[in-house]
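Values below: all heavy atoms of this structure, side chains included; hydrogens, waters and symmetry mates excluded.
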Amino acid sequence: MKPTVFITRTLPESGLKLLRDRFSVSVFEKPEPIDRQTLRQGVSRADALVCLLSDRIDADILDHGRRLRIVANYAVGYNNIDIAAARERNIMVTNTPGVLTNATAELAFALIITLTRRILTADRFTRRGQFIGWDPLLLLGDELAGRTLGIVGMGRIGRSLAEKSRAFGMSVVYHNRRPLNKETETRLAASYCSFDELLGRADIISIHAPLTAETRHLFNRATFEKIKPGACLINTARGEIVDEAALVEALLSGRLKGAGLDVYEREPAITNALMSMDNVVLLPHIGSATVETRSNMAVMAAENVIAALEGRKPKNLVPEMALP
């Protein structure tokens, strides 16, 4: 009898085919997030689970997966999974690191340009028929050359964004749990600084840190009081890193000039006040949404499952799995 793989959403065919060629595969095919009862039922018959970041995989779900050998998260982050509970049950957990680096960095830069050049405001202005001819003062934005980009979290995505910013003549400061080596700093033309110093220096702050107990609500009322007046905030990392109520206050007060968000504190819910602000760009969590990236993520998740079910160590075990 073939091992069974349960998948919580339809994935690109590149990954599905790899799994269907080897295992019995069941997919929750509805467009909305899977409900808890269906998830319980799915894992109860599965040897492997492929899930999304939006699926909460806690002890309750894992207890229903008595045959589970692996939870393969179709994402880089895995804060949706109770890692300790998985380890207690000898269930491997994997993710999809590296593959979405460029796509997410590109989207962060797209948000930066959209905000600073007022692209969405100009688009709406034009569509409403308000464009009656060139005007010297019409929809003036800000150039990026000479501006300081502050990157919070200098992992793969943060470093990719730093590389891209050089082409636009920006200077880069960053804050990370630990500084990069000097060779990498030189290559990126990036300088390490404290978090508070970054807040005071950066014209644009882009978040690329993981969600942890330390980073949850890292951007709060006290943080926004320290930010350079007129700065812009970009978040393509995790929504809970930003206290949205405090973000709204900073935008309304003018302390922040604008914000570009791809993720939200209570996703998919979005704080109502943000929806009506012209200086805020809102995207539906599409940081990795390119054909190439989503396909590669599906292949990576499938390869992790194949390795586990064939008795091999998956390539992308999350670091906590290696702990004693």
Side-chain angles (χ1 to χ4, degrees), residues 100-153 157-158 160-172 202-208 219 224 227-239 241-242 244 247-265 267-268 270-294:
L100 49 69
T101 297
N102 185 66
T104 306
E106 282 187 352
L107 190 79
F109 214 95
L111 284 169
I112 291 171
I113 294 176
T114 300
L115 272 178
T116 56
R117 292 304 302 269
R118 305 177 65 185
I119 300 297
L120 291 187
T121 302
D123 176 82
R124 290 190 290 264
F125 178 90
T126 306
R127 291 176 187 274
R128 288 194 296 261
Q130 294 175 273
F131 178 52
I132 57 174
W134 187 84
D135 185 325
L137 301 180
L138 179 63
L139 292 166
L140 300 182
D142 298 314
E143 293 187 15
L144 296 180
R147 304 285 177 173
T148 298
L149 172 64
I151 299 177
V152 179
I157 298 171
S160 181
L161 180 64
E163 290 175 346
K164 291 168 174 51
S165 72
R166 295 185 66 182
F168 286 77
M170 304 183 76
S171 60
V172 176
D203 300 294
I204 298 162
I205 298 172
S206 192
I207 303 172
H208 299 286
F219 285 82
F224 289 125
I227 279 180
K228 182 178 181 179
C232 290
L233 181 70
I234 307 295
N235 190 9
T236 58
R238 291 290 176 263
I241 295 175
V242 178
E244 284 186 9
L247 173 63
V248 168
E249 291 177 4
L251 289 164
L252 289 174
S253 71
R255 184 77 184 190
L256 276 182
K257 190 169 186 176
L261 308 175
D262 186 44
V263 290
Y264 305 94
E265 184 179 359
E267 195 168 316
I270 302 172
T271 301
N272 284 336
L274 294 171
M275 302 289 278
S276 60
M277 292 183 175
D278 284 338
N279 59 338
V280 177
V281 180
L282 305 173
L283 301 180
H285 203 148
I286 56 171
S288 64
T290 66
V291 173
E292 298 87 350
T293 293
R294 293 286 171 87

> Which atom names give the shortest non-hydrogen contact between Arg255 and Ile227, and what distance separates them?
NH2-O, 2.7 Å

> Quick check: does any side chain N or O of Arg166 sit under 3.5 Å from a backbone N or O of Ala162, one acting as donor and the other as acceptor?
no

> Quick one: do Thr104 and Ser288 satisfy side-chain hydrogen bond (donor to acceptor under 3.5 Å, both in side chains)? Show the steps, please.
CA-CA 5 Å; Thr104 306; Ser288 64; 5.6 Å; no

> How far apart are the closest heavy atoms of Phe219 and Leu233, and which atoms are they?
CE2-CD1, 3.9 Å

> Take atom CZ of Arg117 as the centre, draw a 6.0 Å sphere, and report whether it contains more than 12 heavy atoms from other residues, nucleotides or ligands.
no

> Once ring pair (Phe, Tyr, Trp, His ring centres under 6.0 Å) is applied, do any residues pair with Phe131, and if so which ones, sequence neighbours excluded?
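Phe131: no ring pair (Phe, Tyr, Trp, His ring centres under 6.0 Å) contacts found.
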
> Is it the case that over 12 heavy atoms from other parts of the model lie below 6.0 angstrom from the CD atom of Gln130?
yes

> Go through His208 and Thr236 one step at a time and tell me if the side chain to side chain contact (heavy atoms under 4.5 Å, CB included) criterion holds.
CA-CA 7 Å; His208 299 286; Thr236 58; 3.4 Å; yes

> Please say whether more than 12 non-hydrogen atoms of neighbouring residues, nucleotides or ligands are located less than 6.0 Å from CG in Asn272.
no

> Does CD1 in Ile132 sit with more than 12 non-hydrogen atoms of other residues, nucleotides or ligands closer than 6.0 Å?
no

> Apply the side-chain hydrogen bond (donor to acceptor under 3.5 Å, both in side chains) test between Lys257 and each candidate in Asn279, Asp203, Asp142; give the one that qualifies.
Asp142

> Sort and list the pairs that fulfil ring-ring contact (aromatic ring centres under 6.0 Å, His included) and have at least one residue in residues 104-130, not counting sequence neighbours.
Phe109-Phe168

> Step by step, would you call Leu149 with Ile112 a side chain to side chain contact (heavy atoms under 4.5 Å, CB included)?
CA-CA 10 Å; Leu149 172 64; Ile112 291 171; 4.2 Å; yes

> Any non-hydrogen side-chain atom of Thr290 less than 4.5 Å from a side-chain atom of Leu100?
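When only atoms from C-beta onward are counted, Leu100 and Thr290 do not touch, as no gap falls below 4.5 Å.
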
> Please report the shortest heavy-atom distance between Asn102 and Lys164, naming the atom on each side.
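Closest heavy-atom pair between Asn102 and Lys164: OD1-NZ, 2.8 Å.
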
> OG of Ser206 to CG of Asn235: how many Å apart, nearest 0.5 Å?
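It comes to 8.0 Å.
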
> Do Ile119 and Val281 pass the side chain to side chain contact (heavy atoms under 4.5 Å, CB included) test, and can you show the C-alpha distance, the side-chain angles, and the key distance before you say yes or no?
CA-CA 10 Å; Ile119 300 297; Val281 180; over 6 Å; no

> Locate the shortest heavy-atom distance separating Leu247 from Ala259; write the atom from each residue and the value.
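Closest pair (atom of Leu247, atom of Ala259, distance): CD1-CB, 4.3 Å.
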
> Begin with the C-alpha distance, continue with both residues' side-chain angles, and end with the deciding distance and a verdict on side chain to side chain contact (heavy atoms under 4.5 Å, CB included) for Phe224 and Leu251.
CA-CA 10 Å; Phe224 289 125; Leu251 289 164; over 6 Å; no

> Just so I know, are the side chains of Arg124 and Asp278 near enough to count as touching, which here means a heavy-atom distance under 4.5 Å?
yes

> Calculate, to the nearest 0.5 Å, the distance between atoms CD1 and CG belonging to Ile270 and Leu261 respectively.
8.5 Å

> Taking the side chain as every heavy atom from C-beta outward, state whether Thr148 and Lys228 have any pair of such atoms under 4.5 Å apart.
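The answer is no, as the side chains (C-beta and beyond) never meet within the 4.5 Å cut-off.
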
> Measuring from atom CG of Asp123 to atom CZ of Arg128, what distance do you get when rounded to the nearest 0.5 angstrom?
9.5 Å

> Would you give the length of the straight line joining atom CG of Leu107 to atom OG1 of Thr293, rounded to the nearest 0.5 angstrom?
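If we round to the nearest 0.5 Å, Leu107:CG and Thr293:OG1 are 11.0 Å apart.
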
> Got a second to check how far Ile234's CD1 is from Leu115's CG, nearest 0.5 Å?
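Separation between the atoms: 4.5 Å.
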
> Which atom pair, heavy atoms only, marks the closest approach of Ala231 to Leu256?
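Heavy atoms only, the tightest pair is O-CD2, 3.3 Å.
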
> Where do Pro136 and Leu140 come nearest, in terms of heavy atoms and distance?
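That would be O-CD2, 3.6 Å.
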
> Just wondering, do Leu138 and Arg118 contact through their side chains at under 4.5 Å, heavy atoms?
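Sidechains of Leu138 and Arg118: no contact.
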
> Judged by atom type as modelled, is there a donor-acceptor pair below 3.5 Å linking the side chain of Arg147 to the main-chain atoms of Ile204?
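Checking the backbone N and O of Ile204 against the side chain of Arg147, no donor-acceptor pair under 3.5 Å is found.
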
> Can you tell me how far the CG atom of Leu282 sits from the CE atom of Met277, to the nearest 0.5 Å?
10.0 Å

